[in-house]
Structures are given as structure tokens and as C-alpha cells.
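The next block holds one structure in the form of C-alpha cells; read it before the comments.
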2 protein chains.
Amino acid sequence: MDVSKEDELCLISIREALKVVRGKWSILVLTLLSLGPQRFNQMRRNLDHISIKSLTDVLHHLEQHEVINRQVFPTRPVTVEYTLTDKGRAYIPVLRELRIWGENWGEHPKLG
Amino acid sequence: MDVSKEDELCLISIREALKVVRGKWSILVLTLLSLGPQRFNQMRRNLDHISIKSLTDVLHHLEQHEVINRQVFPTRPVTVEYTLTDKGRAYIPVLRELRIWGENWGEHPKLG
DNA sequence: CCGAATCCAATTAGATACTG
DNA sequence: CAGTATCTAATTGGATTCGG
């Protein structure tokens, strides 16, 4: 074995996390919801070029893993609002660190 | 526009970060290297079921984005060691938060 | 030991049309 | 508005073979 028992636990935890939140869309959806509740087409606009299928797929996945919440309001036409669950809000520190890293090390240097 | 100017900047930073570190393999490779230098086949063993192609692909990608460093030692047979760059080490806080989340909210509950 | 190169399978993403 | 269903395109991943 090349890594210690403790290191192995670290890898396991990361793998666990990646089972739930994986791929760029998941992260971006969670980022958007961390800024406030969003409706379906509202997210489509804010995420720019995501397809209907990709968005529905990732929303289903995140909802099944209880990271986001789907609430239907019986207006006409119907309104559906997505929000973060406790589990989802607990992910915000990850997003925060990721944002910091992107700001400091991303391709586009910050304009002075 | 549905999100504020400030929120838009947040999304942009996240997108920037995702251009460099994306997919489960990148994260796992960085996690492994955050624990110490690693050689090619050593990483293959520690990452369990990653294929040669997937590993070389992700290592190239991360090296091109200056997140990891590749150093060749002229032994026989040759030894190649991968380490984190400054940019890569700056990513460790993201990994740390991700690990914490995985520990607390992953599928396998912590054994009491 | 460290890969490059090739081929093929599987997963993911987009476009489009249609529904309540 | 908020999707479902379907089809196709593109990306990614694995298996294998070969070379320095």
C-alpha cells in the first residue's frame, strides 16, 4: 500500500462527495442556487448554454441525493422553484473556496 | 438579467475554476498529490481503477494548466514524479472542504 | 517503469418536437 | 412555464499493444 490508512480515508471521503456532485453542471447549478431560489427556465438563462435535457438530468440527480429541493406552486402556468436543502447548503464552503481559487488562478486575470 | 452583477462574477469565477479542474479524475489526482509526490504507476494503484489513458490525459491537462509538475529522474528504468505547483497547492482548501462534506454527507455513514 | 497510439464501448450533452 | 421523449453528436473512458 502506497498511502497511509489516514490518506485512504481522505480519498474515500472525496470519492463519496464526487458521487453526489460531479461534472461541471452540478457545480454550476449549486452555485446558482447558493445565490437564491431559482426556477427552471430562469436557471437555463443564467447557465447560458445548458440544454433542457442536461438541466433536467442534473436536477433529478441532485434532488435524488437530497441536495436540492423541488417545490411546485399551483399557479397557471405552473411555477417550480428549486432551493438548496441542508445538505446542499453544507456544500457552500466548497463553492466558496472554488470561487476564490477561480478568482486568483483563473485564466482571465482580474482587471486592475 | 436574473442575477446581479456580483452574482455574475461568482459564476464566472466558478466557470474559470472548472475549466482547469474538471471531472472526478482531476479531483482525485489532486487529492493524491496533496498527500505527497507520486509516480505514475503508484497513482494508478492508489486510484484503483483508472486506466492508463485516463491518467495520462488528466496529467497532461493538469500539467498544461500549471497545476502539477512533472519531473523526470534519469534512473533506469526512468522515474517520473508528479507534484503540486503553487497553483495546485492553492487548490488544497477546496479539497479540504470537499473532504469534510464527503465525511459528513456521504453515503457511507461514519462508523461509530 | 513510464508512457504513446489505437480502437472501441460507454457516458454525457445538445437539438428538436411535443405535453399539461 | 416546466418539463418528457427521442434521436444524434460529442466527449470520455477502458483495453490492448507497443516503444524508450
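Chain naming here is simple, since letters A, B, ... match the order of the sequence lines and numbering starts at 1 in each. Just the heavy atoms: all of them, side chains too, but no hydrogens, waters or symmetry mates, feed the values below.
Using a 4.0 Å heavy-atom criterion, one finds that A:L55 contacts no nucleic acid atom at all. Looking at heavy-atom distances under 4.0 Å, B:Y82 makes contact with sugar-phosphate atoms alone, never a base. Among the protein residues, A:R44 comes within range of no part of the nucleic acid, since none of its heavy atoms lies under 4.0 Å from any strand. Counting non-hydrogen atoms under 4.0 angstrom, A:R76 reaches nothing in the nucleic acid.
Distance B:F73 CZ to D:dG20 C1': 19 Å, rounded to the nearest Å.
Heavy-atom nearest nucleotides on DNA chain D were determined for A:L59 and for A:K53, and the one closer to the 5' end corresponds to A:L59. The residue among A:V78 and A:W25 whose nearest nucleotide of DNA chain C lies closer to the 5′ end is A:W25.
Of the side-chain N and O atoms in B:H60, one or more sit less than 4.0 angstrom from OP1 or OP2 of C:dA4. For A:R39, no side-chain nitrogen or oxygen approaches OP1 or OP2 of D:dG3 to under 4.0 Å.
A:E16 and A:K19 are joined by a salt bridge, as a carboxylate oxygen and a charged side-chain nitrogen come within less than 4.0 angstrom of each other. Here A:K87 does not pair with A:E63 in a salt bridge; the nearest charged N to carboxylate O distance is not below 4.0 Å.
For A:S54, whose side chain is taken as the heavy atoms from C-beta onward, the closest listed nucleotide among C:dA13, D:dG3, C:dC2 is C:dA13. In this structure, the nucleotide among D:dA2, C:dG3, C:dG14 sitting nearest to the side chain of A:S51 is C:dG14.
Contact annotation: the side chain of A:Y91 never approaches that of A:T31 to less than 4.5 Å [non-hydrogen atoms, C-beta and beyond].
If you run side chain to side chain donor-acceptor pair (under 3.5 Å) between B:D57 and each of B:K53, B:H61, B:H60, only B:K53 comes through.
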